[in-house]
Trainee: 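Once you've had a glance at the structure underneath, I'll fire off some questions.
Chain letters run A, B, ... following the sequence lines, proteins first and then strands; every chain starts at 1.
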Amino acid sequence: MVSENPFDQFRQECQTALSNALKKTLPEIKQPTITLNKTPNIEYGQLASSLCFELAKKLNQKPRTLAEHLVDAIDRSNFNLIESVVAAGAGYINFHVNFAKFSALTLESIRKLKGNYGFVKTSTPTKIIVEHTSVNPLHPIHIGQARNPMLGDALARILEARGHKVSRHYYIDDVGRQSSVVAYGYAKLGKPKPTEKADLFVGKIYTVTCCLVEINRLKKARELAIAVNSADDLVKTNKEIDEWMSIAAELKEKYPVLFEALMAKISEDENPEEEINRLNRAYEDGEPEAKGLIREVSELCLAGFRETMQRVGVSYDSWDWESDFVWSTQVSEVLSRLKASPFVFSEKGVLEFDAEKVANLLGLKGKLGLSEDNEVPPLTLVRADGTTLYTTRDIAYTLWKFRFAQKVINVIGMEQSLAQLQLKISLYALGYPEWADNLVHFAYNLVTLPGYKMSSRRGHYITFDQVLDEAVARAYEEVSKRSPMLSEEEKRKIADFVGLGAVRYALVDVDSGKPVVFTWERVLNFETNSAPYVQYTHARACSILRKAAREPQAPGFGLLTEKLERELVLSLAGFPDTFVEATEYLKPNMIADYANALADKFNTFYNALPVIKADSQELSDARIALTEAIKIVMANALNLIGVVAPEKM
RNA sequence: GGAUCCAUAGCUCAGCACGGAUAGAGCGCCAGCCUUCUAAGCUGGAAGUCAAGGGUUCAAAUCCCUUUGGAUCCGCCA
């Protein structure tokens with residue numbers, strides 16, 4: 001017999017049994033929906049109902065008495081997995097599972113389903129686009145941004161395992177001043193070939209160009225302030241100049257050659273600021289030269305990103321250029337449709353979208369979880385100079401995405417909550433309520449460095465590559481220390497998946513709504529509650545199975561009577577539940593927590609009870625089967641968060 | 001000022017969506033365990049007014065209200 005969700009099977013039996021008993025003893029009352037809770041302790045059974053507390057008041061009886069009556073009325077002869085039902089405490093009804101049968105069902109199911117165990121398929125498979133990463137192609141992905149792809153990829157993986165058709169999209173934000181800044185610097189240098197990892201190379205050009213252009217601009221502003229005799233402006237500008245000058249000094253020391261070269265080239269231009277704006281407009285207009293230039297730098301940077309993401313096992317199905325939406329008619333079409341709606345108004349030559357009016361008129365506030373007096377600020381769609389803004393283009397992009405998917409999940413930082421809300425409201429305004437309903441902003445909080453303000457414009461950041469390198473290096477040291485006899489090649493291989501796994505795990509482990517403070521200590525943790533811990537435990541289980549060197553012939557599942565063994569079986573049986581919950585509520589961290597908890601229990605078991613040298617062959621066979629099941633489930637869980645489950649380490 | 005999210009052991013965090021029995025881990029600290037299946041491990045110990053106050057309920061870390069403290073947003077940036 002195979003069950004894809006053994007624990008749920010037990011739960012169904014208990015629910016039916018209790019429901020039958022209720023109908024029999026209390027036919028006069030309306031049948032309540034029966035929910036069963038996990039018990040705090042295995043001694044209380046595996047599932048409990050607190051129904052009697054609710055009924056007691058209505059029926060004017062003591063909960064305990066009621067519980068006893070119901071327990072008496074329960075007929076469990078038709079139920080395979082229920083061992084006993086008892087009234088407990090002040091009025092709980094506790095269900096005990098028949099462990100002999102339950103262990104057999106659970107372990108055999110896992111051993112049969114193997115890599116598919118736990119991945120309960122949805123009854124409504126959906127085409128889903130998960131948009132994640134979408135780091136601007138200006139500089140390397142830094143640690144503050146790296147949480148995004150780790151969460152996004154884990155989400156894509158769990159949704160796929162759930163049976164959805166998932167497409168991973170990367171939105172390339174190449175429209176906007178920053179892209180022109182980096183392209184300007186790149187062109188000034190004569191479009192040099194990268195002498196190092198491409199995104200790192202582009203990042204340096206961006207930072208130095210930014211700094212030089214900014215100083216140039218500020219100096220002009222200072223002249224103006226002097227000319228109009230504005231003391232306030234002068235003080236403010238001087239302060240900013242001082243700040244940027246110190247950054248310039250820093251950059252000059254770090255990259256002397258690049259700095260000098262750019263400085264010489266940029267000073268040739270009377271007004272670099274104006275050059276950049278011209279380039280920006282030319283790009284939006286789709287002029288071939290600007291197109292070629294900006295696409296070239298962006299592609300360069302993206303090649304670096306691809307390299308980094310490949311290391312951690314993240315890939316994309318579609319790379320969507322923001323500029324494509326500007327050059328095609330899609331953005332202007334959206335605009336004209338919005339203009340035709342009653343929700344757009346013009347103010348001082350600026351086009352504004354009245355999200356508040358939409359929300360009120362269509363009665364969206366309750367639906368969107370907003371209180372009635374929460375006023376949604378308007379969204380600027382078009383600037384006075386006629387150019388569009390980021391969110392405006394995002395509306396066109398979102399409409400495009402819904403041509404290919406029924407559901408769109410945007411993995412975007414929490415700080416963009418308002419923009420994402422306005423985007424959603426715009427879909428209602430355009431007459432796509434189903435799309436709006438199926439647009440999900442998966443908001444996550446930032447990664448911060450203690451005592452350090454990350455700023456990509458100023459080149460203050462720790463790159464994701466640096467973190468990965470450091471993690472692998474640390475892992476290599478650990479492997480060398482712990483397993484000095486391994487070959488160099490083996491050590492490198494292990495260090496690689498351990499280091500990368502540790503980083504992935506650390507970035508998905510925390511609830512996505514909470515900020516993560518980055519410390520090396522947190523990411524390079526190889527002890528309990530880390531990927532290496534789970535990986536090590538997996539390898540340990542594999543090692544036992546290798547040493548046992550046999551298939552269990554006649555496992556005596558009924559002999560698994562130790563509390564530790566039973567808790568393990570329960571954990572394994574509950575994996576499908578955890579998976580479904582993690583998928584439905586988009587909580588990849590639940591998977592990491594589950595894997596860690598399972599590893600924890602297995603290690604305790606490992607230290608307390610012998611597998612191969614158990615008292616009898618039947619018991620040994622049962623424990624081998626248990627170990628194998630644990631190995632399978634641990635690997636399945638690790639796969640979901642993109643962490644390698646090694647045979648050896 | 002308005003909005004959103006958050007507050008649980010010295011530190012980092014689970015648990016909260018759907019209220020249920022003594023609130024769980026890890027780090028750090030203290031004391032132990034490698035001639036037995038991988039010590040990246042295990043065992044034991046100390047450590048909590050679940051931010052404060054009120055309310056709802058048979059039952060509140062969990063739901064509601066108020067207060068305090070923190071993060072983020074409220075741009076013709078992205």
Side-chain angles (χ1 to χ4, degrees), chain A residues 35 37 39-41 44 48-50 52-54 56-57 62-63 88-92 94 134 136 173 175-179 322 347-352 369-371 373-377 380-391 393-394 413-419 421 443 445-446 448 475 478-479 481-483 498 502 509-511 513-517 519 521-522 525-530 532-537 539-548 581 584-585 587 589-590 593 596-597 599-600 603-614 623-624 627 648-649:
Chain A
T35 53
N37 304 311
T39 58
N41 190 314
Y44 295 139
S49 167
S50 47
C52 297
F53 294 105
E54 297 161 43
K57 214 178 169 193
K62 277 192 171 158
Y92 294 97
N94 291 346
S134 304
N136 296 2
D173 176 20
V175 180
R177 223 186 75 98
Q178 342 74 14
S179 289
E322 187 179 10
E347 202 177 77
K348 293 179 206 153
V350 174
L351 208 62
E352 302 270 0
L370 307 169
S371 62
D373 48 358
N374 180 356
E375 265 190 48
V376 185
T380 304
L381 294 168
V382 181
R383 292 188 186 95
D385 69 0
T387 55
T388 55
L389 282 99
Y390 178 82
T391 308
R393 291 171 236 134
D394 205 6
M414 208 189 71
E415 69 278 5
Q416 292 204 43
S417 294
L418 177 59
L421 176 68
N445 221 312
L446 302 168
T448 56
E478 293 288 317
V479 186
K481 205 161 66 193
R482 295 170 205 276
S483 320
V498 166
D509 184 38
V510 181
D511 187 297
K514 294 189 177 174
V516 170
V517 177
T519 57
E521 196 185 34
R522 175 200 281 276
N525 167 29
F526 294 169
E527 292 171 5
T528 309
N529 202 3
S530 72
Y533 173 72
V534 182
Q535 290 174 313
Y536 182 77
T537 310
R540 178 182 258 176
C542 291
S543 170
I544 294 175
L545 296 171
R546 263 197 311 275
K547 289 243 163 74
E581 216 178 311
E584 296 309 304
Y585 295 101
K587 289 182 130 186
N589 60 310
M590 285 185 71
D593 285 344
N596 182 62
D600 236 340
N603 282 320
T604 309
F605 162 80
Y606 166 87
N607 275 276
L609 303 165
V611 174
I612 298 167
K613 290 180 184 160
R623 286 186 182 158
I624 289 173
T627 304
K648 270 188 194 173
M649 72 182 262

Trainee: Is there a donor and acceptor pair closer than 3.5 Å between the side chain of A/N94 and the base of B/A21?
Mentor: yes
Trainee: Base, sugar-phosphate or nothing for A/A539? Non-hydrogen atoms, less than 4.0 Å.
Mentor: base
Trainee: Any donor-acceptor pair under 3.5 Å linking the side-chain atoms of A/Y533 with those of A/D600?
Mentor: yes
Trainee: Taking the side chain as C-beta and beyond, is there a heavy-atom pair between A/P515 and A/T448 under 4.5 Å?
Mentor: no
Trainee: Would you mind classifying the nucleic acid contact of A/Q416 as base, sugar-phosphate or nothing, using non-hydrogen atoms under 4.0 angstrom?
Mentor: base
Trainee: Donor-acceptor pair, distance only, cut-off 3.5 Å: does the side chain of A/R623 make one with the backbone of A/P610?
Mentor: yes
Trainee: Considering only the C1' atoms, how many Å lie between B/C63 and B/G19, rounded to the nearest integer?
Mentor: 7 Å
Trainee: What integer number of Å spans the P atoms of B/U66 and B/C5?
Mentor: 14 Å
Trainee: For residues A/I544 and A/I612, report the shortest heavy-atom separation together with the two atoms involved.
Mentor: O-CD1, 3.7 Å
Trainee: Under 3.5 Å, is there any donor-acceptor pair linking the side chain of A/Y585 to the base of B/C18?
Mentor: yes
Trainee: Taking 4.0 Å as the cut-off, does a side-chain nitrogen or oxygen of A/R522 come that near to OP1 or OP2 on B/G26?
Mentor: no
Trainee: Just checking A/A48: base, sugar-phosphate only, or nothing, at a heavy-atom cut-off of under 4.0 Å?
Mentor: base
Trainee: Considering heavy-atom distances to RNA chain B, does A/M590 or A/K613 have its closest nucleotide positioned more toward the 5' end?
Mentor: A/M590
Trainee: Main chain of A/S530, side chain of A/N525: is a donor-acceptor contact present, judged purely on distance under 3.5 Å?
Mentor: no
Trainee: What's the gap between B/A46 and B/A31 when it is taken at their C1' atoms, as a whole Å value?
Mentor: 11 Å
Trainee: Categorize A/T528 for me: base, sugar-phosphate, or nothing, with a 4.0 angstrom heavy-atom threshold over every strand shown.
Mentor: sugar-phosphate
Trainee: In whole Å, what separates the C1' atom of B/U67 from that of B/A23?
Mentor: 25 Å
Trainee: For A/T537 and A/N603, which I'm curious about, is there any donor-acceptor pair between the side chains at under 3.5 Å?
Mentor: yes
Trainee: Can you tell me, in whole Å, how much space there is between the C1' of B/U57 and that of B/A47?
Mentor: 32 Å
Trainee: If you check every side-chain atom of A/N41, which of B/A21, B/C27, B/U22 has the closest atom?
Mentor: B/U22
Trainee: For a quick check, tell me whether the side chain of A/S50 and the base of B/G20 share a donor-acceptor pair closer than 3.5 Å.
Mentor: yes
Trainee: A/N37 has an atom CG; how far is it from atom P of B/A23, in whole Å?
Mentor: 17 Å
Trainee: Please tell me which of the listed nucleotides, B/C27, B/A14, B/U43, lies nearest to the side chain of A/D593?
Mentor: B/A14
Trainee: What integer number of Å spans the C1' atoms of B/G69 and B/C27?
Mentor: 25 Å
Trainee: Once you apply a heavy-atom cut-off of 4.0 Å, does A/D511 come out as touching a base, just sugar-phosphate, or nothing?
Mentor: sugar-phosphate
Trainee: Quick check: do A/N589 and A/K514 have side-chain heavy atoms less than 4.5 Å from each other?
Mentor: no
Trainee: May I have the distance from A/E521 (atom CD) to B/A40 (atom C1'), rounded to whole angstrom?
Mentor: 16 Å
Trainee: Across all strands shown, which nucleotide pairs with B/C63 by Watson-Crick or G-U wobble geometry, both distances under 3.5 Å?
Mentor: B/G55
Trainee: What nucleic acid atoms does A/L609 come within less than 4.0 Å of, heavy atoms only: base, sugar-phosphate, or nothing?
Mentor: base
Trainee: What contact category does A/I612 fall into here, base, sugar-phosphate, or nothing, at under 4.0 angstrom with non-hydrogen atoms?
Mentor: base
Trainee: Report yes or no: is the ring centroid of A/Y44 under 5.5 Å from the six-membered base ring centroid of B/A21, with the two planes under 30 degrees?
Mentor: yes
Trainee: Please classify the nucleic acid contact of A/G513 as base, sugar-phosphate, or nothing, using heavy-atom distances under 4.0 Å.
Mentor: sugar-phosphate
Trainee: Using whole Å, what does the distance between atom C1' of nucleotide B/A14 and atom CD of A/E581 come to?
Mentor: 13 Å
Trainee: Please state the P separation for the pair B/G26 and B/G41 - nearest whole angstrom.
Mentor: 11 Å
Trainee: With sugar-phosphate meaning primed atoms plus P, OP1 and OP2, does A/N589 contact a base, only sugar-phosphate, or nothing at under 4.0 Å between heavy atoms?
Mentor: nothing
Trainee: Closest to the A/E478 side chain: B/A21, B/G41, B/A40?
Mentor: B/A40
Trainee: Given B/C37, B/C77, B/U36, which nucleotide is nearest the side-chain atoms of A/V611?
Mentor: B/C37
Trainee: Taking only N and O in the side chain of A/T537, is any of them less than 4.0 Å away from OP1 or OP2 of B/G41?
Mentor: no
Trainee: Please classify the nucleic acid contact of A/N603 as base, sugar-phosphate, or nothing, using heavy-atom distances under 4.0 Å.
Mentor: sugar-phosphate
Trainee: Do side-chain atoms of A/R383 reach the backbone of A/T388 as a donor and acceptor pair under 3.5 angstrom?
Mentor: yes
Trainee: Please determine whether a side-chain nitrogen or oxygen atom of A/Y390 lies at a distance below 4.0 Å from atom OP1 or OP2 of B/G75.
Mentor: no
Trainee: Is there a donor-acceptor pair closer than 3.5 Å between any side-chain N or O of A/N94 and the backbone N or O of A/A48?
Mentor: no
Trainee: Checking contacts here: which listed nucleotide (B/A21, B/C5, B/U38) is nearest the side-chain heavy atoms of A/S543?
Mentor: B/U38
Trainee: If you compare every side-chain N and O of A/R546 against the phosphate oxygens of B/U38 (OP1, OP2), does one of them come in below 4.0 Å?
Mentor: no
Trainee: Taking 4.0 Å as the cut-off, does a side-chain nitrogen or oxygen of A/R482 come that near to OP1 or OP2 on B/A40?
Mentor: yes
Trainee: What is the distance, rounded to the nearest whole Å, between atom CG of A/N596 and atom P of B/G24?
Mentor: 17 Å
Trainee: Nearest of B/C76, B/C37, B/A21 to any side-chain atom of A/T380?
Mentor: B/C76
Trainee: Taking CD from A/E415 and P from B/C6, how many angstroms apart are they, rounded to a whole number?
Mentor: 16 Å
Trainee: Mapping A/N529 and A/D385 to their closest nucleotides on RNA chain B, which lands nearer the 5' end?
Mentor: A/N529
Trainee: Can you tell me the Watson-Crick or wobble partner of B/G1, both distances under 3.5 angstrom?
Mentor: B/C74
Trainee: Can a donor-acceptor pair under 3.5 Å be found between the side-chain atoms of A/E54 and the base atoms of B/A59?
Mentor: no
Trainee: Would you indicate which nucleotide in B/A40, B/G20, B/A21 comes nearest to any side-chain atom of A/Y536?
Mentor: B/A40
Trainee: Nearest to the A/K514 side chain among B/A17, B/U8, B/U57, which nucleotide is it?
Mentor: B/U8
Trainee: Specify the separation, in whole Å, of atom CG of A/N607 and atom P of B/G32.
Mentor: 19 Å
Trainee: Name the closest nucleotide to the A/Y606 side chain, picking from B/C37, B/A40, B/G15.
Mentor: B/C37
Trainee: So, OP1 or OP2 of B/U38: does either fall under 4.0 Å of a side-chain N or O from A/Y533?
Mentor: no
Trainee: When we call it a touch if two heavy atoms are under 4.0 Å apart, what does A/N525 touch: a base, just sugar-phosphate, or nothing?
Mentor: nothing
Trainee: Quick check, does A/Y92 stack with B/A21? I mean ring centres under 5.5 Å and planes off by under 30°.
Mentor: yes
Trainee: Pick base, sugar-phosphate or nothing for A/V350, based on heavy-atom distances below 4.0 Å to the nucleic acid.
Mentor: base
Trainee: Let's see if you can work this out: which of B/A3, B/C37, B/A40 has an atom nearest to the side-chain heavy atoms of A/V479?
Mentor: B/A40
Trainee: Answer with base, sugar-phosphate or nothing: what part of the nucleic acid does A/V498 contact at a heavy-atom distance below 4.0 Å?
Mentor: base
Trainee: What contact category does A/P40 fall into here, base, sugar-phosphate, or nothing, at under 4.0 angstrom with non-hydrogen atoms?
Mentor: base
Trainee: For B/C11, is chi within 90° of 0 (syn) or not (anti)?
Mentor: anti
Trainee: Is there a Watson-Crick or G-U wobble partner for B/G10 with both distances under 3.5 Å, and if so, which one is it?
Mentor: B/C27
Trainee: Surrounding CD of A/E415 (heavy atoms of other residues, nucleotides or ligands, distance under 6.0 Å), is the total greater than 12?
Mentor: yes
